[in-house]
Asker: 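What follows is a single structure, and I will ask about it in a moment.
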Amino acid sequence: MGVTLEEKLSRLGAGLYDAETVAELERDLEEIRLLKKKHGAVLLAHNYQRPEIFEVADFVGDSLELARKAAEVSAPVIVFCGVHFMAETAKILCPESRVLLPNLAAGCSLAEAATAEAVRRKAAELRKDYPDLAVVSYVNTTAEVKAVSDVCVTSANAVKIVNALPNETILFLPDRNLAAYVAKNSKKRIIPWEGDCYVHHQLAPKDILETRKAFPKAKVLVHPECRTDVLDLADAILSTSGMIRYAQESDAEEFIVVTECGLSDRLMIEVPHKRFYKSCNLCKYMKMITVPDTRRTLERLAPEIRLSREVMDAARRTITRMLELA
Ligand code: 13P
Ligand code: SF4
């Protein structure tokens, strides 16, 4: 018999989930399994989701892996446990599937930082001085913004894709921190958009320095949405799945995980023989997705992601170009 949900959740700390809550979760999870079977649904989940969601996920990953997975899924229904822009990406890559997001309010401070109209205007203005300008959109953007971009990137491949482009000048949006990281690792002229992830941008060097003082042997793993002064303290700068692989494969026994707290939870559950210290914040949007809402979503087959054919076709070009270049 595998590890029970109760046992897994107890790895996050004693008393966080009481027996009654676990029993309720188990009932809902069983219902979700039955409903998935009934509707031929596939459930995709981002690494920052609540640990109980992973119990019913067919695939858990970072943005790049989830986009790759969505591109190969052929299911009438996809339930996306993550945030709105990620579910949109799944819809763009699987237009014939019904893509459900358990809470449509699960947004993202980065995706909200850029509108298609503002990007179009800025790009037109910059092209007067830099005619070869390419608009590179982090995947954390709306479908409409992707539709007016040249290529999309994720945290796992941003440097590689920017360096692979023939263009010398890049309007990089919407994350100024990821833009600064790309600029440091590229000879190109990077013009940043002024957005940030409210979860990562709030993390400061003192949060890491204090923990590192207490655990000097720990490797510091940092997500590239963090500020440059935080990235400077990293042993490795990685996407969320990159952090999981690093922790599993490294000889080190201890890690300071500098990103959204869901990732350290996943590591504590899945790599129980190593130690993980949290220098993290919670993403209120990721945590809007709950097991009861996921069950209700499968009962009602709603709420559903809806996008116009025109936006989907234009956005798909930028995501497909990314998948080819990566
Ligand atoms: P990853 O692609 O690294 O999973 O990051 C997504 C995200 O939203 C980070 O805040
Ligand atoms: Fe968006 Fe930041 Fe939440 Fe990721 S952690 S979904 S970038 S607000």
Side-chain angles (χ1 to χ4, degrees), residues 44-50 53-54 57 59-71 80-90 93 101-114 136-143 145-146 152-161 172-179 181-182 193-203 221-227 230-231 234 236-247 257-267 270 278-289 319 322-323 326:
L44 305 180
H46 184 262
N47 286 323
Y48 291 159
Q49 287 294 290
R50 296 164 188 274
I53 296 277
F54 299 151
F59 183 78
V60 184
D62 67 11
S63 309
L64 180 60
E65 292 169 332
L66 288 165
R68 283 201 176 118
K69 204 72 199 169
F80 202 99
C81 291
V83 292
H84 199 279
F85 77 81
M86 295 179 177
E88 282 188 344
T89 303
L93 294 170
L101 178 64
N103 188 337
L104 289 182
C108 167
S109 68
L110 274 173
E112 283 158 21
V136 176
S137 286
Y138 189 26
V139 70
N140 298 40
T141 44
T142 62
V145 167
K146 289 184 181 77
C152 187
V153 299
T154 74
S155 62
N157 62 24
V159 171
K160 186 175 173 187
I161 289 186
F172 191 98
L173 58 104
D175 188 0
R176 60 178 136 159
N177 293 326
L178 185 59
Y181 172 65
V182 170
W193 198 265
E194 288 304 307
D196 55 59
C197 159
Y198 89 104
V199 174
H200 290 87
H201 193 68
Q202 280 176 29
L203 290 163
L221 311 184
V222 183
H223 196 277
E225 286 174 16
C226 288
R227 290 167 9 192
V230 172
L231 295 184
I237 298 168
L238 298 160
S239 77
T240 54
S241 287
M243 288 184 187
I244 296 171
R245 277 190 292 276
Y246 187 102
V257 187
V258 191
T259 185
E260 206 271 344
C261 304
L263 208 265
S264 15
D265 287 350
R266 186 166 177 209
L267 286 164
E270 290 183 18
K278 295 180 167 187
S279 283
C280 64
N281 284 322
L282 284 171
C283 173
K284 65 178 176 185
Y285 303 110
M286 284 283 177
K287 268 47 191 186
M288 280 179 188
I289 308 297
I319 302 170
M322 166 184 80
L323 295 175

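Just so you know, ligand 1 is whichever comes first in the structure, and atom 1 is the first atom listed for that ligand. Small disclaimer: the values here were computed from a predicted structure and weren't measured.
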Asker: Only heavy atoms of S239, strictly under 4.0 Å: list the atoms of ligand 1 that pass.
Answerer: 3 (O)
Asker: Please write down residue, atom name and distance for the protein heavy atom closest to atom 2 (Fe) of ligand 2.
Answerer: C197 SG, 2.3 Å
Asker: Are any side-chain N or O atoms of E88 and backbone N or O atoms of A143, one a donor and one an acceptor, separated by less than 3.5 Å?
Answerer: yes
Asker: What is the closest protein heavy atom to atom 8 (S) of ligand 2, and at what distance does it sit?
Answerer: S109 N, 3.6 Å
Asker: With no hydrogens and no angle check, is any side-chain donor or acceptor of S264 less than 3.5 Å from a backbone partner on V257?
Answerer: no
Asker: Checking the side chain of K146 only, and the main-chain atoms of V139 only, is there a donor and an acceptor separated by less than 3.5 Å?
Answerer: yes
Asker: Please work out whether any backbone atom (N, CA, C, O) or any side-chain heavy atom from C-beta onward of N140 is under 4.0 Å from ligand 1, and answer side chain, backbone, both or neither.
Answerer: side chain
Asker: Within ligand 1, which atoms have a heavy atom of Y48 less than 4.0 Å away?
Answerer: 7 (C), 9 (C), 10 (O)
Asker: At less than 4.0 angstrom from any non-hydrogen atom of H223, what atoms of ligand 1 do you find?
Answerer: 1 (P), 3 (O), 5 (O), 9 (C)
Asker: Quick one: look at C108 and ligand 2, take heavy-atom pairs under 4.0 Å, and tell me if it's side chain, backbone, both or neither.
Answerer: both
Asker: Identify, by atom number and element, the atoms of ligand 1 in contact range of H200, meaning under 4.0 Å from any of its heavy atoms.
Answerer: 10 (O)
Asker: Parallel, tilted or perpendicular, judged at 30° and 60°: which one describes the rings of H223 and Y48?
Answerer: tilted
Asker: Are the sulfur (SG) atoms of C261 and C280 separated by under 2.5 Å?
Answerer: yes
Asker: Which ligand 1 atoms does S63 reach within 4.0 Å, using its non-hydrogen atoms?
Answerer: 1 (P), 2 (O), 4 (O), 5 (O), 6 (C)
Asker: Which part of H46 is near ligand 1, with near meaning a heavy atom under 4.0 Å away: side chain, backbone, both or neither?
Answerer: side chain
Asker: Please list, in number order, the atoms of ligand 1 under 4.0 Å from a heavy atom of S155.
Answerer: 1 (P), 2 (O), 3 (O)
Asker: Is any N, O or S atom of C283 under 2.8 Å away from atom 2 (Fe) of ligand 2?
Answerer: no
Asker: Just by modelled atom types, is the V199 backbone N or O under 3.5 Å from a matching donor or acceptor in the N281 side chain?
Answerer: yes
